[in-house]
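The structure under discussion appears below in the form of structure tokens.
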Amino acid sequence: MTSLSVSADRDRAADLGDPLLSALNPQQRQAVLHEGGPLLIVAGAGSGKTRVLAYRIAWLLKHRKVAPGEIVAITFTNKAAGEMRERVTSLIGPRARAMWVSTFHSMCVRILRAHAKELGFTTSFTIYDKADSQRLMTLVARDLDLDPKRYPARSLVNQVSNLKNELIDEESYAPTNSAEKILAEAYRGYQRRLREANAMDFDDLIMTTVNLLQAFPEVGEHYRRRFRHVLVDEYQDTNQAQYVLVRELSGGAELCVVGDADQSIYAFRGATIRNIVEFERDYPQATTVLLEQNYRSTQTILQAANAVIACNSGRRPKNLWSDQGPGEPIQGYVADNEHDEAAWVAGEIGRLRDAEGLRPGDVAVFYRTNNQSRVFEEIFIRVGLPYRVLGGVRFYERREVRDALAYLKTIGNPADVVSLRRILNTPRRGIGQRAEACVEALASRERIPFPQALERCNEAPGINPRSVTSITEFTTMMAEFRSLAVDGAGPSGLLSALLDRTGYLSELQASTDPQDEGRVDNLNEMVSVAAEFEQQRPDGTLADFLEQVSLVADADEIPADAGPDDPQPGTILMMTVHTAKGLEFPVVFLTGLEEGIFPHMRTFGEPSELAEERRLAYVAITRAQRLLHISRAMTRTAWGQPSYNPQSRFLPEIPEGLVHWIRTEPSREQLYSGGQSAQARLASAALSRGGLRGGVGNRAVVALDVGDRVSHDAFGLGRVVETRGEGDKAEATIDFGSSGTKRLLLRYAPVEKL
DNA sequence: ACTCGGAAACTTTTT
DNA sequence: GTTTCCGAGT
């Protein structure tokens with residue numbers, strides 16, 4: 001669209017006098033008003049993407065005579081879907097409820113449930129998550145007598161997942177070598193078992209929907225006729241299967257996709273950046289709108305982000321800008337080690353709190369990998385700063401919760417063998433491996449499904465009569481639960497009944513393990529979740545409940561935005577950079593900027609993976625609104641051994657003038673004089689006693705020369721290849737043979753000269 | 001049938 | 001260093 005027509009649109013908006021448009025900048029307005037061909041909105045970080053999507057939908061409903069039922073808006077997260085629905089509702093009222101605003105996966109479940117029969121499933125099919133899939137694949141691999149060392153179930157599941165993301169089903173997969181032939185066999189066995197279990201895994205939800213739309217033309221036609229507008233959020237995160245799904249759905253619709261190639265950080269899950277990069281080739285009639293004005297950060301922060309991402313080659317140039325002015329410089333810190341880094345972060349937060357009333361809730365700490373959170377937790381506890389770690393073990397991944405859900409799944413879908421086998425002997429009721437194997441043998445001999453073999457367990461060859469009794473008791477109990485469900489017991493009633501009747505709850509309550517107390521709490525929470533579900537959806541079925549639980553990772557992990565006037569101090573949020581995507585914070589600490597950490601060691605070999613690490617850095621930087629801190633540690637304990645890491649390549653990519661370095665790489669004199677580090681200051685300030693690790697960094701330095709043979713606690717025997725520096729800074733490059741060649745800072749490395 | 005101990009692994013994870 | 005999984009022992 002030309003700028004001429006933009007101004008024409010603006011005039012029309014003025015004519016209409018609609019306040020919807022006055023809150024938008026010209027590019028945003030163009031995106032909202034665009035009519036006709038496919039639309040690509042390239043939305044830089046913080047450029048008001050969600051607002052544009054919501055306003056566009058509101059505009060469609062209000063001014064273009066589009067009915068809510070003719071719109072489908074697809075997101076990746078439930079949170080994004082919820083936010084979008086809420087924003088549209090606040091713009092145009094409750095009419096918005098008839099729209100389809102959902103995640104890829106829940107949209108697909110909705111379609112699949114409606115057509116389950118055609119596909120050979122019942123409407124209450126079970127959705128398997130990664131853990132379920134892995135258990136199922138373990139069964140398949142055992143069936144095929146695969147060596148679990150050479151073909152771990154984990155790896156097979158991942159490979160199958162990749163194939164499904166490429167829409168290659170088990171029939172069309174053409175193996176070309178022996179390893180692939182094994183994979184093909186595993187794939188077929190896995191799909192057969194899924195069908196027998198009346199279950200689909202996450203990737204099936206997408207692939208099967210595509211197959212459905214393509215194999216049943218009248219079904220595809222139905223949805224193409226229904227949807228006049230298809231909108232897709234975070235388009236850079238779509239994989240091949242989702243790409244085709246969107247194509248199939250939008251055949252008769254106006255398509256609008258929003259995304260930012262520079263924020264594509266999920267390639268490892270199958271997302272392919274090509275979908276957004278090649279949008280204009282896929283859809284030659286496409287119009288592209290570029291949103292570059294940022295409403296989140298200071299110009300300083302944006303300049304840093306722009307400079308770093310510009311180092312990626314082959315990208316569409318984009319220049320984020322802000323009218324907020326330069327703001328404060330970025331604060332940089334080079335720490336001695338990860339404890340010192342954490343101490344600096346803690347000290348800085350304390351200082352900002354005292355000096356300018358910063359609330360902990362305004363602060364976020366980012367790191368590349370989860371294990372980096374520990375040192376921060378330690379120091380925050382010690383100095384008394386309130387914090388929360390995002391993204392640990394999730395509620396629905398806890399053992400007791402999964403057990404309870406497995407009961408519900410087995411009740412709702414008797415064919416679900418993975419859930420059935422999970423609870424068969426949980427809590428312990430004397431049905432061990434031996435008994436299970438006997439039933440399994442019966443199943444394969446009679447060529448009947450496992451649940452049926454369980455019913456006929458007395459026929460199982462070589463089974464212990466005591467096991468038969470236990471199994472009969474178990475199957476009777478499950479039948480009772482099913483009749484409870486048939487008689488109208490809701491999920492919460494069923495849950496309470498089974499937790500009680502199975503003895504699961506009483507076993508936990510009787511336990512002396514302190515962890516089990518929390519498990520009881522979690523199960524109570526589970527019952528509350530179920531009760532809440534019944535209240536919200538009185539006619540919701542057990543399958544509906546299980547669907548919600550399977551497709552909603554965690555409802556409210558991130559506390560609602562408090563806002564600057566909130567008297568609540570809030571808590572510091574700690575998370576990986578991946579988790580931070582889509583969030584924003586007044587003050588951000590981006591930590592661990594070291595080669596091997598960020599960018600991660602595993603990405604070194606692959607330029608495309610390094611480019612993704614850089615995008616990750618870009619995402620991290622653009623989360624900061626007002627003040628960004630960046631830091632790195634000279635040495636860091638990894639896998640129990642200290643290692644020296646040079647600065648991250650991303651650091652020198654930030655223009656020098658933007659960063660104020662509080663502390664740089666210490667000179668030798670400073671190292672000798674000891675002081676100056678945040679860790680040392682914190683220790684001398686006597687914030688606590690005894691907690692600081694005295695051992696680290698105080699090792700006597702071994703004098704080494706090239707050619708010396710050494711022994712290392714972890715790496716074993718090695719030979720010195722090169723030495724550099726002296727005193728506390730002395731390093732040596734040592735070839736450990738099969739353990740690889742390492743560069744070690746001798747002050748820290750546990751090496752002995754032989 | 002269960003428990004304990006040693007070996008091995010070990011990025012990121014919206015569904 | 002920490003966690004997870006498998007196998008041997010009780």
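Residue numbering restarts at 1 for every chain, and letters A, B, ... go by the order of the sequence lines. Just so you know, these numbers use all the heavy atoms, side chains as well, and skip hydrogens, waters and symmetry mates.
Of the two residues near DNA chain B, A:K149 and A:H105, the one whose nearest nucleotide lies more 5' is A:K149.
The side chain of A:F202 lies closest to B:dT15 when the candidates are B:dT13, B:dT15, B:dC10. Comparing B:dT13, B:dT15, B:dC10 against the side chain of A:N78 picks out B:dT15 as the nearest.
Put simply, A:N371 has no side-chain N or O that comes within less than 4.0 Å of OP1 or OP2 on B:dC10. Put simply, A:R374 has a side-chain N or O that comes within less than 4.0 Å of OP1 or OP2 on C:dT2. In terms of phosphate contacts, A:T576 brings a side-chain nitrogen or oxygen within less than 4.0 Å of OP1 or OP2 of B:dT13. Regarding contacts with the backbone of B:dT11, every side-chain N or O of A:T603 stays at 4.0 angstrom or more from both OP1 and OP2.
Both geometric conditions, a ring-centre gap below 5.5 Å and a plane tilt below 30°, are not fulfilled together for A:F268 over the base of B:dT11.
Between A:D544 and A:R113 there is a salt bridge, with a side-chain nitrogen of the basic residue lying less than 4.0 Å from a carboxylate oxygen of the acidic one. A salt bridge does not link A:R429 with A:E473: every distance from a Lys NZ or Arg NE/NH1/NH2 to an Asp or Glu carboxylate oxygen is 4.0 Å or more.
In this structure, CD of A:E606 is placed 15 Å from C1' of B:dT11, rounded to the nearest angstrom. Rounded to whole angstrom, the span from the CZ atom of A:R135 across to the P atom of C:dC6 amounts to 11 Å. What separates NZ of A:K79 from P of B:dT15 is a distance of 11 Å, to the nearest Å. A:L616 has its CG atom 7 Å from the C1' atom of B:dT12, to the nearest Å. We find that CD of A:E397 is positioned 12 Å from P of C:dT4, with the value rounded to whole Å. Spacing between atom NZ of A:K130 and atom P of B:dT11 amounts to 13 Å, rounded to whole angstrom units. Whole-Å rounding puts the A:D147 CG to C:dC6 C1' distance at 13 Å. In this structure, CD of A:E612 is placed 13 Å from P of B:dT13, rounded to the nearest angstrom.
For the pair A:R269 and A:Y266, the cation-pi test (distance below 6.0 Å, angle within 45°) is passed. Judged by a 6.0 Å distance limit and a 45° cone about the ring axis, A:R388 is not positioned over the six-membered ring of A:F380.
Only one option out of A:R632, A:R649, A:R636 pairs with A:E594 in a salt bridge (Lys or Arg N to Asp or Glu O under 4.0 Å); it is A:R636.
The aromatic rings of A:F650 and A:F598 lie perpendicular to each other, with more than 60° between the two planes, well past the 30° mark.
Nucleotides B:dT12 and C:dC5, compared at atom P, are 16 Å apart to the nearest Å.
Atom CD of A:E606 has more than 12 heavy atoms from other residues, nucleotides or ligands within 6.0 Å.
Counting any heavy atom pair closer than 4.0 Å across all strands shown, A:N370 reaches sugar-phosphate atoms only and no base atom. Nucleic acid contact class of A:Y266 (heavy atoms, under 4.0 Å, all strands): base.
If you check the side chains of A:Y128 and A:D416, you find a donor sitting under 3.5 Å from an acceptor. A side-chain donor from one of A:S106 and A:T103 sits under 3.5 Å from a side-chain acceptor of the other. Side-chain contact, A:E595 with A:N645: no donor N or O sits under 3.5 Å from an acceptor N or O.
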When you compare the protein's N or O atoms with those of nucleotides 8-10 of chain C, which come within less than 3.5 Å of each other, and at what distance?
none

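The stretch residues 421-436 of chain A touches DNA chain B through A:N425, A:R428, A:G432, A:Q433, A:R434, each having a heavy atom under 4.0 angstrom from the strand.
For A:R368 and B:dT11, a side-chain-to-base donor-acceptor distance below 3.5 Å is present, hydrogens and geometry of angles not being considered.
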